[in-house]
K.L.:
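Pasting a structure here, questions to come.
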Amino acid sequence: EKRGFRHFMLKEIHEQPGVIRDTLEDRIGDATGPIRLGLSNDLFADLERIYIIACGTSWHASLVGKYLIEELAGIATEVNYASEFRYCPPPLNPRTLVIGVSQSGETGDTNAALTAAKARGVRLLGITNRPESSLGALVGELIDTRAGMEIGVAATKTFTAQLVAFYLLALHLAHLRGTQPGERIREILIGLQQLPAQIEGILDTQERYITELAREFDATRDFIFIGRGLNYPIALEGALKLKEISYIHAEGYPAGEMKHGPIALLDSEVPVVAIAVPGKVYEKTLSNAQEAKARDARLIGVAPLDEPAAVETFDQILPVPVVEEILSPILTVVPLQLLAYHIAARRGLDVDQPRNLAKSVTVE
Ligand code: F6R
(Lines give C-alpha, C1' and ligand atoms only; values in the text may rest on other atoms or scores of the structure.)
Protein backbone atom coordinates (compact mmCIF):
# COMPACT_ATOMS: atom_id res chain seq x y z
CA GLU A 1 0.00 0.00 0.00
CA LYS A 2 3.01 2.30 0.07
CA ARG A 3 2.87 2.26 -3.71
CA GLY A 4 6.64 2.16 -4.10
CA PHE A 5 7.36 4.82 -1.47
CA ARG A 6 9.73 3.87 1.31
CA HIS A 7 7.46 5.23 4.02
CA PHE A 8 3.82 6.23 4.34
CA MET A 9 4.93 9.73 5.26
CA LEU A 10 6.64 10.20 1.89
CA LYS A 11 3.63 8.75 0.09
CA GLU A 12 1.34 11.12 1.97
CA ILE A 13 3.55 14.12 1.18
CA HIS A 14 3.18 13.16 -2.49
CA GLU A 15 -0.58 12.77 -2.14
CA GLN A 16 -1.02 16.44 -1.27
CA PRO A 17 -1.81 17.75 -4.76
CA GLY A 18 -4.63 15.20 -5.12
CA VAL A 19 -5.91 15.90 -1.61
CA ILE A 20 -6.10 19.64 -2.26
CA ARG A 21 -8.02 18.99 -5.49
CA ASP A 22 -10.46 16.83 -3.50
CA THR A 23 -10.85 19.42 -0.75
CA LEU A 24 -11.76 22.06 -3.33
CA GLU A 25 -13.81 19.80 -5.60
CA ASP A 26 -17.40 20.98 -6.16
CA ARG A 27 -17.11 23.56 -3.40
CA ILE A 28 -16.09 26.52 -5.52
CA GLY A 29 -17.55 25.76 -8.95
CA ASP A 30 -16.09 28.23 -11.43
CA ALA A 31 -15.07 30.58 -8.61
CA THR A 32 -17.79 33.08 -9.41
CA GLY A 33 -20.52 31.73 -7.13
CA PRO A 34 -20.66 31.32 -3.35
CA ILE A 35 -18.55 28.70 -1.63
CA ARG A 36 -20.49 25.52 -0.97
CA LEU A 37 -19.48 24.23 2.42
CA GLY A 38 -22.91 22.89 3.38
CA LEU A 39 -22.93 24.92 6.60
CA SER A 40 -26.01 26.61 8.01
CA ASN A 41 -25.96 30.41 7.95
CA ASP A 42 -27.14 30.47 11.60
CA LEU A 43 -23.64 29.42 12.55
CA PHE A 44 -22.33 32.78 11.42
CA ALA A 45 -25.18 35.26 12.06
CA ASP A 46 -24.14 38.14 14.39
CA LEU A 47 -20.90 36.44 15.15
CA GLU A 48 -18.75 38.33 17.62
CA ARG A 49 -15.61 36.28 18.02
CA ILE A 50 -14.05 32.97 17.07
CA TYR A 51 -11.94 30.61 19.16
CA ILE A 52 -10.10 27.79 17.45
CA ILE A 53 -9.10 24.78 19.53
CA ALA A 54 -6.50 22.22 18.44
CA CYS A 55 -3.22 20.48 19.31
CA GLY A 56 0.10 20.02 17.52
CA THR A 57 0.06 20.30 13.75
CA SER A 58 -3.67 21.07 13.76
CA TRP A 59 -2.86 23.99 16.07
CA HIS A 60 -0.38 25.27 13.48
CA ALA A 61 -3.02 25.04 10.74
CA SER A 62 -5.32 26.96 13.07
CA LEU A 63 -2.78 29.80 13.43
CA VAL A 64 -2.84 30.21 9.66
CA GLY A 65 -6.65 30.00 9.86
CA LYS A 66 -6.76 32.85 12.38
CA TYR A 67 -4.70 35.02 10.07
CA LEU A 68 -7.00 34.26 7.12
CA ILE A 69 -10.24 34.85 9.03
CA GLU A 70 -9.01 38.12 10.52
CA GLU A 71 -7.52 39.36 7.25
CA LEU A 72 -10.33 38.37 4.91
CA ALA A 73 -13.43 38.46 7.11
CA GLY A 74 -12.39 40.86 9.89
CA ILE A 75 -13.58 38.65 12.76
CA ALA A 76 -11.41 38.64 15.90
CA THR A 77 -10.08 35.10 16.23
CA GLU A 78 -7.95 33.38 18.83
CA VAL A 79 -6.23 30.03 18.70
CA ASN A 80 -5.95 27.99 21.88
CA TYR A 81 -4.20 24.79 22.75
CA ALA A 82 -6.98 22.37 23.62
CA SER A 83 -5.12 21.26 26.75
CA GLU A 84 -5.09 24.86 28.00
CA PHE A 85 -8.58 25.87 26.90
CA ARG A 86 -9.96 22.84 28.63
CA TYR A 87 -9.04 24.07 32.12
CA CYS A 88 -8.63 27.81 31.51
CA PRO A 89 -11.42 28.70 29.08
CA PRO A 90 -11.91 32.33 28.00
CA PRO A 91 -15.26 34.12 28.42
CA LEU A 92 -17.74 32.52 26.01
CA ASN A 93 -21.25 33.46 24.94
CA PRO A 94 -23.82 32.39 22.35
CA ARG A 95 -22.30 34.79 19.81
CA THR A 96 -18.98 32.96 20.03
CA LEU A 97 -18.08 30.35 17.43
CA VAL A 98 -15.71 27.65 18.61
CA ILE A 99 -13.94 25.68 15.89
CA GLY A 100 -12.33 22.33 16.75
CA VAL A 101 -9.62 21.19 14.35
CA SER A 102 -8.32 17.64 14.39
CA GLN A 103 -6.92 15.14 11.95
CA SER A 104 -7.93 12.07 13.95
CA GLY A 105 -11.09 13.51 15.48
CA GLU A 106 -10.16 11.48 18.56
CA THR A 107 -7.78 13.82 20.38
CA GLY A 108 -8.84 13.68 24.03
CA ASP A 109 -7.96 17.26 24.93
CA THR A 110 -9.61 18.71 21.83
CA ASN A 111 -12.83 16.82 22.36
CA ALA A 112 -12.90 17.65 26.09
CA ALA A 113 -12.36 21.34 25.34
CA LEU A 114 -15.16 21.27 22.74
CA THR A 115 -17.46 19.52 25.22
CA ALA A 116 -16.74 22.19 27.83
CA ALA A 117 -17.40 24.95 25.28
CA LYS A 118 -20.63 23.30 24.16
CA ALA A 119 -21.90 23.28 27.75
CA ARG A 120 -21.45 27.06 27.75
CA GLY A 121 -23.84 27.49 24.83
CA VAL A 122 -21.42 28.45 22.06
CA ARG A 123 -21.81 27.52 18.40
CA LEU A 124 -19.57 24.67 17.32
CA LEU A 125 -17.87 23.83 14.04
CA GLY A 126 -15.46 20.98 13.34
CA ILE A 127 -12.70 20.76 10.74
CA THR A 128 -11.52 17.18 10.23
CA ASN A 129 -10.85 14.49 7.68
CA ARG A 130 -12.71 12.01 9.92
CA PRO A 131 -16.39 13.04 9.98
CA GLU A 132 -17.21 9.66 11.51
CA SER A 133 -15.00 10.39 14.55
CA SER A 134 -15.93 11.41 18.10
CA LEU A 135 -15.28 15.03 17.14
CA GLY A 136 -17.69 14.61 14.24
CA ALA A 137 -20.36 13.37 16.64
CA LEU A 138 -19.75 16.24 19.06
CA VAL A 139 -20.06 19.19 16.71
CA GLY A 140 -23.27 19.91 14.84
CA GLU A 141 -21.58 21.34 11.78
CA LEU A 142 -18.48 20.14 10.05
CA ILE A 143 -16.11 20.80 7.17
CA ASP A 144 -14.76 17.49 5.90
CA THR A 145 -11.24 18.20 4.64
CA ARG A 146 -11.46 15.01 2.56
CA ALA A 147 -7.83 14.11 3.22
CA GLY A 148 -8.89 10.58 4.18
CA MET A 149 -6.90 8.40 6.57
CA GLU A 150 -3.31 9.29 7.27
CA ILE A 151 -0.96 6.52 8.36
CA GLY A 152 2.35 8.24 9.02
CA VAL A 153 2.29 9.61 12.56
CA ALA A 154 3.67 12.93 11.35
CA ALA A 155 0.76 14.84 9.87
CA THR A 156 1.37 16.10 6.32
CA LYS A 157 -1.54 15.78 3.90
CA THR A 158 -4.07 16.31 6.67
CA PHE A 159 -2.33 19.60 7.52
CA THR A 160 -2.48 21.01 3.98
CA ALA A 161 -6.10 19.90 3.71
CA GLN A 162 -6.90 21.73 6.97
CA LEU A 163 -5.26 24.84 5.52
CA VAL A 164 -7.41 24.60 2.40
CA ALA A 165 -10.52 24.22 4.58
CA PHE A 166 -9.56 27.43 6.40
CA TYR A 167 -9.17 29.34 3.11
CA LEU A 168 -12.64 28.20 2.07
CA LEU A 169 -14.11 29.11 5.46
CA ALA A 170 -12.45 32.54 5.56
CA LEU A 171 -13.64 33.31 2.01
CA HIS A 172 -17.13 32.06 2.83
CA LEU A 173 -17.24 34.40 5.85
CA ALA A 174 -15.89 37.25 3.72
CA HIS A 175 -18.68 36.61 1.21
CA LEU A 176 -21.39 36.46 3.92
CA ARG A 177 -20.20 39.60 5.66
CA GLY A 178 -19.33 41.51 2.51
CA THR A 179 -15.82 42.25 3.74
CA GLN A 180 -14.13 41.53 0.39
CA PRO A 181 -15.24 42.37 -3.13
CA GLY A 182 -16.32 39.37 -5.20
CA GLU A 183 -13.35 39.92 -7.48
CA ARG A 184 -10.91 39.51 -4.59
CA ILE A 185 -12.61 36.30 -3.45
CA ARG A 186 -12.45 34.97 -6.98
CA GLU A 187 -8.76 35.83 -7.27
CA ILE A 188 -7.87 33.82 -4.19
CA LEU A 189 -10.07 30.89 -5.26
CA ILE A 190 -8.31 30.80 -8.61
CA GLY A 191 -4.95 30.89 -6.83
CA LEU A 192 -6.03 27.96 -4.65
CA GLN A 193 -6.87 25.90 -7.71
CA GLN A 194 -3.35 26.41 -9.04
CA LEU A 195 -1.65 25.11 -5.89
CA PRO A 196 -1.82 21.37 -6.69
CA ALA A 197 0.18 21.79 -9.91
CA GLN A 198 2.63 24.06 -8.10
CA ILE A 199 3.17 21.45 -5.37
CA GLU A 200 3.70 18.82 -8.06
CA GLY A 201 6.41 21.09 -9.45
CA ILE A 202 8.11 21.30 -6.04
CA LEU A 203 7.94 17.53 -5.56
CA ASP A 204 9.23 16.79 -9.05
CA THR A 205 12.16 19.14 -8.91
CA GLN A 206 13.27 19.13 -5.29
CA GLU A 207 13.06 15.62 -3.98
CA ARG A 208 16.54 14.74 -5.20
CA TYR A 209 18.13 18.01 -4.12
CA ILE A 210 16.70 17.76 -0.61
CA THR A 211 17.81 14.11 -0.34
CA GLU A 212 21.36 15.30 -1.07
CA LEU A 213 21.11 18.30 1.22
CA ALA A 214 19.98 16.06 4.09
CA ARG A 215 23.39 14.33 4.07
CA GLU A 216 24.97 17.49 5.36
CA PHE A 217 23.05 17.33 8.62
CA ASP A 218 24.13 13.92 9.86
CA ALA A 219 25.85 15.47 12.87
CA THR A 220 23.52 18.42 13.40
CA ARG A 221 21.93 18.61 16.85
CA ASP A 222 19.88 21.79 16.66
CA PHE A 223 17.90 23.65 14.01
CA ILE A 224 16.09 26.97 14.09
CA PHE A 225 13.16 27.78 11.78
CA ILE A 226 12.01 31.36 11.30
CA GLY A 227 9.17 33.03 9.44
CA ARG A 228 6.81 35.97 9.81
CA GLY A 229 3.11 36.59 9.35
CA LEU A 230 1.36 33.67 7.67
CA ASN A 231 4.64 31.82 7.46
CA TYR A 232 5.40 32.00 11.16
CA PRO A 233 3.10 28.99 11.80
CA ILE A 234 4.89 27.23 8.93
CA ALA A 235 8.21 27.78 10.73
CA LEU A 236 6.65 26.16 13.81
CA GLU A 237 5.40 23.29 11.67
CA GLY A 238 8.80 22.80 10.00
CA ALA A 239 10.41 22.58 13.43
CA LEU A 240 7.78 20.16 14.74
CA LYS A 241 8.08 17.85 11.72
CA LEU A 242 11.85 17.72 12.12
CA LYS A 243 11.88 17.14 15.88
CA GLU A 244 9.19 14.49 15.95
CA ILE A 245 10.69 12.20 13.32
CA SER A 246 14.44 12.92 13.47
CA TYR A 247 14.73 13.64 17.23
CA ILE A 248 16.84 16.67 16.38
CA HIS A 249 16.16 19.62 18.63
CA ALA A 250 14.38 22.25 16.55
CA GLU A 251 12.59 25.46 17.39
CA GLY A 252 10.38 27.71 15.35
CA TYR A 253 10.31 31.45 15.99
CA PRO A 254 8.70 34.52 14.55
CA ALA A 255 11.75 35.94 12.75
CA GLY A 256 11.49 39.30 14.49
CA GLU A 257 11.75 37.66 17.93
CA MET A 258 15.19 36.16 17.36
CA LYS A 259 17.00 39.23 18.62
CA HIS A 260 15.09 39.07 21.90
CA GLY A 261 16.96 36.02 23.10
CA PRO A 262 17.16 33.03 20.75
CA ILE A 263 19.85 34.61 18.59
CA ALA A 264 22.24 33.84 21.46
CA LEU A 265 21.97 30.18 20.44
CA LEU A 266 23.35 30.72 16.98
CA ASP A 267 26.77 29.72 15.73
CA SER A 268 28.15 27.76 12.79
CA GLU A 269 26.72 24.53 14.24
CA VAL A 270 23.08 25.63 14.18
CA PRO A 271 21.47 25.86 10.75
CA VAL A 272 18.69 28.40 10.34
CA VAL A 273 15.86 27.74 7.93
CA ALA A 274 14.08 30.95 6.97
CA ILE A 275 10.82 31.18 5.07
CA ALA A 276 11.07 34.32 2.98
CA VAL A 277 8.58 34.82 0.20
CA PRO A 278 7.65 38.06 -1.56
CA GLY A 279 4.98 40.02 0.29
CA LYS A 280 4.69 42.54 3.04
CA VAL A 281 7.22 40.92 5.39
CA TYR A 282 9.72 39.77 2.76
CA GLU A 283 12.47 42.36 3.29
CA LYS A 284 12.04 42.19 7.06
CA THR A 285 12.46 38.43 7.02
CA LEU A 286 15.53 38.64 4.80
CA SER A 287 17.09 41.12 7.17
CA ASN A 288 16.33 38.84 10.14
CA ALA A 289 18.01 36.03 8.20
CA GLN A 290 21.05 38.22 7.58
CA GLU A 291 21.30 38.86 11.33
CA ALA A 292 21.56 35.09 11.77
CA LYS A 293 24.20 34.89 9.06
CA ALA A 294 26.27 37.47 10.87
CA ARG A 295 26.48 34.89 13.72
CA ASP A 296 27.95 32.36 11.25
CA ALA A 297 24.76 30.35 11.04
CA ARG A 298 24.28 28.31 7.93
CA LEU A 299 21.25 29.78 6.20
CA ILE A 300 18.71 27.82 4.22
CA GLY A 301 15.91 29.74 2.58
CA VAL A 302 12.49 28.57 1.53
CA ALA A 303 12.33 31.33 -1.01
CA PRO A 304 11.95 32.19 -4.70
CA LEU A 305 14.74 30.76 -6.83
CA ASP A 306 15.72 33.69 -8.99
CA GLU A 307 15.17 36.60 -6.70
CA PRO A 308 18.49 38.47 -6.27
CA ALA A 309 18.01 39.45 -2.60
CA ALA A 310 17.22 35.84 -1.67
CA VAL A 311 20.10 34.46 -3.74
CA GLU A 312 22.46 36.85 -2.00
CA THR A 313 21.17 36.06 1.50
CA PHE A 314 20.93 32.28 1.57
CA ASP A 315 23.57 29.57 1.39
CA GLN A 316 20.98 27.21 -0.05
CA ILE A 317 17.53 27.82 -1.44
CA LEU A 318 14.66 25.37 -1.38
CA PRO A 319 12.70 27.13 -4.09
CA VAL A 320 8.97 27.73 -4.08
CA PRO A 321 7.06 29.35 -6.94
CA VAL A 322 6.11 32.97 -6.35
CA VAL A 323 2.43 33.28 -5.51
CA GLU A 324 0.43 35.90 -3.71
CA GLU A 325 1.72 35.96 -0.13
CA ILE A 326 -1.63 34.93 1.32
CA LEU A 327 -1.48 31.60 -0.56
CA SER A 328 2.17 30.88 0.20
CA PRO A 329 1.89 28.66 3.34
CA ILE A 330 0.54 25.73 1.34
CA LEU A 331 3.68 25.81 -0.79
CA THR A 332 6.32 26.72 1.79
CA VAL A 333 5.45 23.81 4.06
CA VAL A 334 6.23 21.20 1.38
CA PRO A 335 10.05 21.60 1.24
CA LEU A 336 10.07 21.57 5.06
CA GLN A 337 8.17 18.27 5.13
CA LEU A 338 10.68 16.83 2.65
CA LEU A 339 13.64 18.15 4.61
CA ALA A 340 12.40 16.59 7.85
CA TYR A 341 11.58 13.34 6.08
CA HIS A 342 14.95 12.96 4.36
CA ILE A 343 16.98 13.89 7.42
CA ALA A 344 15.11 11.29 9.49
CA ALA A 345 15.14 8.62 6.77
CA ARG A 346 18.91 9.00 6.37
CA ARG A 347 19.32 8.42 10.08
CA GLY A 348 17.53 5.12 9.55
CA LEU A 349 14.72 6.05 11.93
CA ASP A 350 11.22 4.66 11.98
CA VAL A 351 9.72 7.67 10.25
CA ASP A 352 6.14 6.40 10.26
CA GLN A 353 6.18 5.36 13.91
CA PRO A 354 8.44 7.76 15.82
CA ARG A 355 9.27 6.85 19.40
CA ASN A 356 6.86 8.01 22.12
CA LEU A 357 4.19 9.18 19.65
CA ALA A 358 0.79 7.87 18.58
CA LYS A 359 -1.47 8.80 15.69
CA SER A 360 -4.42 9.53 17.98
CA VAL A 361 -3.71 11.00 21.38
CA THR A 362 -6.84 10.04 23.26
CA VAL A 363 -5.26 10.26 26.71
CA GLU A 364 -4.93 13.50 28.60
C1 F6R B 1 2.31 16.17 14.38
C2 F6R B 1 1.16 15.46 14.86
C3 F6R B 1 0.56 15.86 16.17
C4 F6R B 1 -0.94 16.06 15.96
C5 F6R B 1 -1.64 16.35 17.29
C6 F6R B 1 -3.12 16.63 17.07
O7 F6R B 1 2.75 15.69 13.17
O8 F6R B 1 0.68 14.61 14.18
O9 F6R B 1 1.14 17.02 16.68
O10 F6R B 1 -1.10 17.12 15.06
O11 F6R B 1 -1.50 15.25 18.14
O12 F6R B 1 -3.73 15.57 16.45
P13 F6R B 1 -5.13 15.66 15.77
O14 F6R B 1 -5.01 16.54 14.59
O15 F6R B 1 -5.48 14.25 15.43
O16 F6R B 1 -6.09 16.24 16.79
Side-chain angles (χ1 to χ4, degrees), residues 7-13 15-16 19 23 52-65 79-86 98-115 117 124-139 142-166 225 233-248 250-252 333-334 336-341 343-345 349-364:
H7 293 100
F8 282 106
M9 181 181 173
L10 190 58
K11 169 175 171 269
E12 287 158 354
I13 289 172
E15 281 171 356
Q16 292 178 110
V19 165
T23 311
I52 313 178
I53 300 174
C55 306
T57 288
S58 296
W59 185 80
H60 297 154
S62 304
L63 290 177
V64 177
V79 184
N80 291 68
Y81 284 116
S83 53
E84 290 296 314
F85 185 102
R86 181 174 180 179
V98 174
I99 306 178
V101 183
S102 173
Q103 154 281 130
S104 63
E106 301 298 344
T107 300
D109 280 325
T110 305
N111 290 342
L114 289 172
T115 305
L124 283 186
L125 170 66
I127 296 182
T128 183
N129 42 300
R130 306 291 304 282
E132 71 287 4
S133 63
S134 309
L135 181 143
L138 193 64
V139 295
L142 186 87
I143 302 176
D144 180 358
T145 73
R146 302 179 178 157
M149 277 289 278
E150 187 173 62
I151 301 196
V153 162
T156 53
K157 66 172 182 173
T158 55
F159 173 73
T160 42
Q162 287 168 354
L163 292 184
V164 174
F166 271 119
F225 291 74
I234 302 303
L236 296 178
E237 176 61 6
L240 179 61
K241 286 295 86 110
L242 184 67
K243 74 183 102 171
E244 68 183 333
I245 59 171
S246 73
Y247 317 141
I248 295 173
E251 295 191 51
V333 74
V334 177
L336 300 184
Q337 294 168 339
L338 289 173
L339 184 66
Y341 171 79
I343 289 175
L349 297 168
D350 189 351
V351 172
D352 287 333
Q353 289 287 334
R355 68 186 183 202
N356 310 339
L357 297 177
K359 190 67 187 158
S360 301
V361 185
T362 51
V363 294
E364 187 166 341

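Hydrogens, waters and symmetry mates play no part in the numbers below; they use all other heavy atoms, side chains included. For ligands, and for the atoms within them, numbers begin at 1 and follow the listed sequence.
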K.L.:
Which ligand 1 atoms are under 4.0 Å away from a heavy-atom of Ala154?
P.N.:
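Once the distances to Ala154 are compared, the set is 7 (O).
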K.L.:
Measure across Ile127 and Ala165 and return the closest heavy-atom pair with its distance rounded to 0.1 Å.
P.N.:
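Heavy atoms only, the tightest pair is CG2-CB, 3.9 Å.
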K.L.:
Pull out every atom of ligand 1 sitting under 4.0 Å from any heavy atom of Val153, numbered as shown with elements.
P.N.:
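It comes down to these atoms of ligand 1: 7 (O), 8 (O).
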K.L.:
Check ligand 1 against Gln103 and write out every atom of the ligand that is under 4.0 Å from a heavy-atom position of the residue.
P.N.:
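Heavy-atom distances to Gln103 below 4.0 Å select 13 (P), 14 (O), 15 (O), 16 (O).
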K.L.:
Would you confirm whether the ring centroid of His60 sits within less than 6.0 angstrom of the ring centroid of Phe159?
P.N.:
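Between Phe159 and His60, the centre distance exceeds or equals 6.0 Å.
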K.L.:
Mark up the atoms of ligand 1 that fall under 4.0 Å of a heavy atom belonging to Lys241, in ascending order.
P.N.:
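Every atom of ligand 1 under 4.0 Å from some heavy atom of Lys241: 1 (C), 7 (O).
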K.L.:
Under 4.0 Å from any heavy atom of Ala155, which atoms of ligand 1 are there?
P.N.:
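Once the distances to Ala155 are compared, the set is 7 (O), 8 (O).
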K.L.:
Distance check, rounded to the nearest 0.5 Å: Arg355 atom CZ versus Asp350 atom CG?
P.N.:
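Between atom CZ of Arg355 and atom CG of Asp350 there are 12.0 Å.
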K.L.:
Just to verify, which of Ser360, Cys55, Ser133, Ser134 counts as forming a side-chain contact (heavy atoms from CB on, under 4.5 Å) with Ser104?
P.N.:
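Filter result, single survivor: Ser360.
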K.L.:
Looking only at distances, please establish whether an N/O atom of ligand 1 is found under 3.5 Å from an N/O atom of Val101.
P.N.:
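It does not: no N or O of Val101 is found under 3.5 Å from an N or O of ligand 1.
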K.L.:
Just verifying a value: how many Å separate Trp59 CH2 and Asn80 CG, rounded to the nearest 0.5 Å?
P.N.:
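Result: 9.5 Å between the selected atoms.
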K.L.:
Looking only at heavy atoms, is any part of Thr158 under 4.0 Å from ligand 1, and if so is it the side chain, the backbone, or both, or is it neither?
P.N.:
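No part of Thr158 is near ligand 1 at this cut-off.
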K.L.:
For ligand 1, which is the ligand I care about here, please tell me if Ser58 has any N or O atom under 3.5 Å from one of the ligand's N or O atoms.
P.N.:
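Between Ser58 and ligand 1, an N or O pair is found under 3.5 Å apart.
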K.L.:
Are any of the N or O atoms of Thr107 closer than 3.5 Å to those of ligand 1?
P.N.:
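N/O-N/O distance below 3.5 Å exists for this pair.
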K.L.:
Looking only at protein heavy atoms, which one is nearest to atom 10 (O) of ligand 1, and what is the separation?
P.N.:
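Scanning the protein heavy atoms, the shortest distance from atom 10 (O) of ligand 1 goes to Thr57 N, 3.0 Å.
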K.L.:
Please confirm whether Glu244 comes within less than 3.5 Å of ligand 1 when only nitrogen or oxygen atoms on both sides are compared.
P.N.:
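Yes, since at least one N or O of Glu244 sits under 3.5 Å from an N or O of ligand 1.
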K.L.:
Look up atom NZ in Lys11 and atom CG in Asp352, then write down how far apart they are to the nearest 0.5 Å.
P.N.:
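CG of Asp352 is found 10.0 Å from NZ of Lys11.
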K.L.:
Taking the six-membered ring for Trp, are His7 and Tyr341 parallel (under 30°), tilted (30 to 60°) or perpendicular (over 60°)?
P.N.:
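Perpendicular: the ring planes of His7 and Tyr341 meet at over 60°.
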K.L.:
Just need the protein heavy atom nearest to atom 11 (O) of ligand 1, so name the residue and atom and give the distance.
P.N.:
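So the nearest neighbour among protein heavy atoms is Val361 CG2, 4.0 Å.
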K.L.:
Can you check salt bridge (charged side-chain N to carboxylate O under 4.0 Å, His left out) on Glu106 and Lys359, steps first, answer last?
P.N.:
CA-CA 10 Å; Glu106 301 298 344; Lys359 190 67 187 158; over 6 Å; no
K.L.:
Can you name the nearest heavy-atom pair linking Ile245 to Pro354, along with the distance?
P.N.:
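Of all heavy-atom pairs spanning Ile245 and Pro354, the closest is CG2-CG, 4.0 Å.
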K.L.:
On a heavy-atom basis, I'd like to know which of Cys55, Ala340, Ser360 is closest to atom 5 (C) of ligand 1.
P.N.:
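Checking each option, the heavy atom nearest atom 5 (C) of ligand 1 is found in Cys55.
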